[in-house]
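For reference, the structure is listed below as structure tokens.
Owing to the predicted nature of the structure, the values given are computational and were not obtained by experimental measurement.
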Amino acid sequence: MKYYIIAGEASGDLHGSNLMKELLISDKQARFRYFGGDLMQAVQNNLVKHYREMAFMGLIDVLKNLKTIKKNLDLCKSDILEFQPDVLILIDYPGFNLKVAEFAKKAGIKVFYYISPKIWAWKEWRIKKIKAFVDEMFTILPFETEFFARHNYQVHYVGNPLIGDIFNYRKNAIGEDEFRKKNSLDDRPIVALLAGSRKQEIKMVLPVMLASIKEHPNYQFLISGGPSIPESLYKTVLGELDLPVVFDQTYDLLSHSYAAIVTSGTATLETALLNVPQVVLYKMAGGDLGYKVFKFLFLKVKYAALPNLVLDEEAIKEFVMSEMKVHKVQPEVDKLLNDSNYRETIFESYSRLQKIMGEPGASRRAAQKMVELLK
């Protein structure tokens, strides 16, 4: 069968590549064409557009690139018609993908969605488009099943691909001594700083993270560099502060960290699954007033961090918007580093999270179900 896949971000490229590998196992004749990245291209070389040419974040960035976005959309539509796939598989990236879903559905092409847009958090009205244009939804978070059921829409919960990613990572993980030697580190315990994958996030959140350094000289702090973020941005925020920035080593860094300070997003779940005590920070452009308006009109969830959403409790401390102040965050960092009983409560929460999230194999289960439905 022929599969057309659209992944517009680095994470989508990772999940798309794993899905492609599993589809090839379930369907030996599988042919792919896709918007994605290097990882998907390594599985089968039929890339149409790289996600680097599509990664526009934030309203201003989108408005500045409207012509490019339209050009990409037009290319995608014409290429789908030329390829005539048996199914279109969309991976998150809703602003672009829901437009393509509508086009494909009207063209008589079956539409599958793998990794649902986070409409349970905001833009809940998108459920109307999903119900109208998506034939089958494959979800990765346990609470999404109930959310969609409330909207009379049945989904296939396949588990979270991060479980498999971390399972596979651990099979070939480097040891702590090798990691320290590779990055010229001393023997002090490591604190990981994951400041986000977007420039605006880093500019707003990283300065608050950095304030903890001078208070804890017996620990060494390392920044995990975002995949599309230039090192020069970190250097600008750091100023005269000499702090290592490591790229393409996030799991290695977390695996050998004593604690972490993390920007809200997928990284909070990765940190929890790698069993690292963390504190979560979040701030968005528009200030506190803009956030209050956003929260009143759009935001539908109690927590910012994914582990808390899955557990339905604040298992890890969050500091969001006006709460994200140095004098509030600092005592929490002290507890993470010095209070063994507090750390143990976090580990207990992580243990419950692991049980809820289940076993590896999300990509395999998704691929098998897709092939079954198509046949």
Report the C-alpha distance between Val48 and Tyr34 in whole Å, list the side-chain angles of each, state the deciding distance to 0.1 Å, and finish with yes or no for side chain to side chain contact (heavy atoms under 4.5 Å, CB included).
-> CA-CA 6 Å; Val48 180; Tyr34 49 87; over 6 Å; no
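- The backbone N or O of Thr345 lies less than 3.5 Å from a partner atom in the side chain of Ser349, making a donor-acceptor pair.
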Passes side chain to side chain donor-acceptor pair (under 3.5 Å), His50 versus Asp38? Steps please.
-> CA-CA 8 Å; His50 201 288; Asp38 299 341; 3.1 Å; yes
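- Lys106 has a carboxylate O that lies under 4.0 Å from a charged side-chain N of Glu102, or vice versa, which qualifies the two as a salt bridge.
- Judged purely by atom type and a 3.5 angstrom limit, Glu215 has no side-chain atom pairing as donor or acceptor with the backbone of Ser212.
- Taking the six-membered ring where the residue is Trp, Phe96 and Tyr93 present tilted rings, their angle falling between 30° and 60°.
- Using a cutoff of 4.0 Å between basic side-chain nitrogens and carboxylate oxygens, Lys105 and Asp135 are scored as salt-bridged.
- Within the 3.5 Å criterion, the main-chain N or O of Thr145 finds no donor-acceptor partner in the side chain of Arg150.
- Note on Lys110 versus Asp86: no salt bridge recorded, every NZ/NE/NH1/NH2 to OD/OE distance being 4.0 Å or above.
- For the pair His256 (side chain) and Pro189 (backbone), a donor-acceptor distance under 3.5 Å is absent.
- Annotation: Phe138 is not in aromatic contact with Tyr114 [ring centroid separation under 6.0 Å not met].
- Within a 6.0 Å sphere centred on CZ of Phe167, heavy atoms belonging to other residues, nucleotides or ligands number 12 at most.
- Taking 4.0 Å as the cut-off between side-chain N and carboxylate O, Asp27 and Lys375 do not count as a salt-bridged pair.
- Looking at heavy atoms from C-beta onward, Ile89 lies out of side-chain contact with Ile6 at the 4.5 angstrom threshold.
- With respect to the salt-bridge test (charged N to carboxylate O, under 4.0 angstrom), the residues Arg352 and Glu348 do not qualify.
- Between Lys317 and Glu332 there is no salt bridge, since none of the side-chain N atoms of the basic residue sits less than 4.0 Å from a carboxylate O of the acidic one.
- For the pair Arg31 and Phe83, the cation does not sit on the ring face, since its NZ or CZ is not both under 6.0 Å from the ring centre and inside 45° of the axis.
- Of the possible donor and acceptor atoms, none in the side chain of Glu323 sits under 3.5 Å from a partner among the backbone N and O of Glu318.
- Side-chain contact between Ser11 and Thr266 is absent, with no heavy atoms from C-beta onward closer than 4.5 Å.
- Side-chain N or O atoms of Asn168 include one that pairs as donor or acceptor with a backbone N or O of Gly164 at under 3.5 Å.
- Phe35 and Tyr4 have tilted rings, their planes meeting at an angle from 30° to 60° on a 0 to 90° scale.
- Asp339 places a side-chain N or O within donor-acceptor distance of the main-chain N or O of Asn341, the cut-off being under 3.5 Å.
- Distance alone, capped at 3.5 Å, is enough to place a donor-acceptor pair between the Gln44 side chain and the Phe32 backbone.
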Could you walk me through whether Asn18 and Glu22 pass the side chain to side chain donor-acceptor pair (under 3.5 Å) test, one step at a time?
-> CA-CA 6 Å; Asn18 289 331; Glu22 294 295 341; over 6 Å; no
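- Partner of Met137 under the side chain to side chain contact (heavy atoms under 4.5 Å, CB included) criterion, out of Leu90, Val111, Ile130: Ile130 alone.
- Using a 30° and 60° split on the angle between ring planes, Phe148 and Tyr153 fall in the tilted class, from 30° to 60°.
- With hydrogens and angles disregarded, a donor-acceptor distance shorter than 3.5 Å links the side chain of Thr263 to the backbone of Leu194.
- Under a 4.0 Å N-O distance rule, the pair Lys181/Asp177 does not qualify as a salt bridge.
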Would you check, one step at a time, whether the test side chain to side chain donor-acceptor pair (under 3.5 Å) holds for His151 with Glu124?
-> CA-CA 10 Å; His151 291 278; Glu124 191 170 352; 2.8 Å; yes
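- Here Lys118 pairs with Asp92 in a salt bridge; the nearest charged N to carboxylate O distance falls below 4.0 Å.
- Side-chain contact between Lys71 and Asp74 is absent, with no heavy-atom pair separated by less than 4.5 Å.
- Using modelled atom types, one side-chain atom of Ser255 and one backbone atom of Tyr251 make a donor-acceptor pair closer than 3.5 Å.
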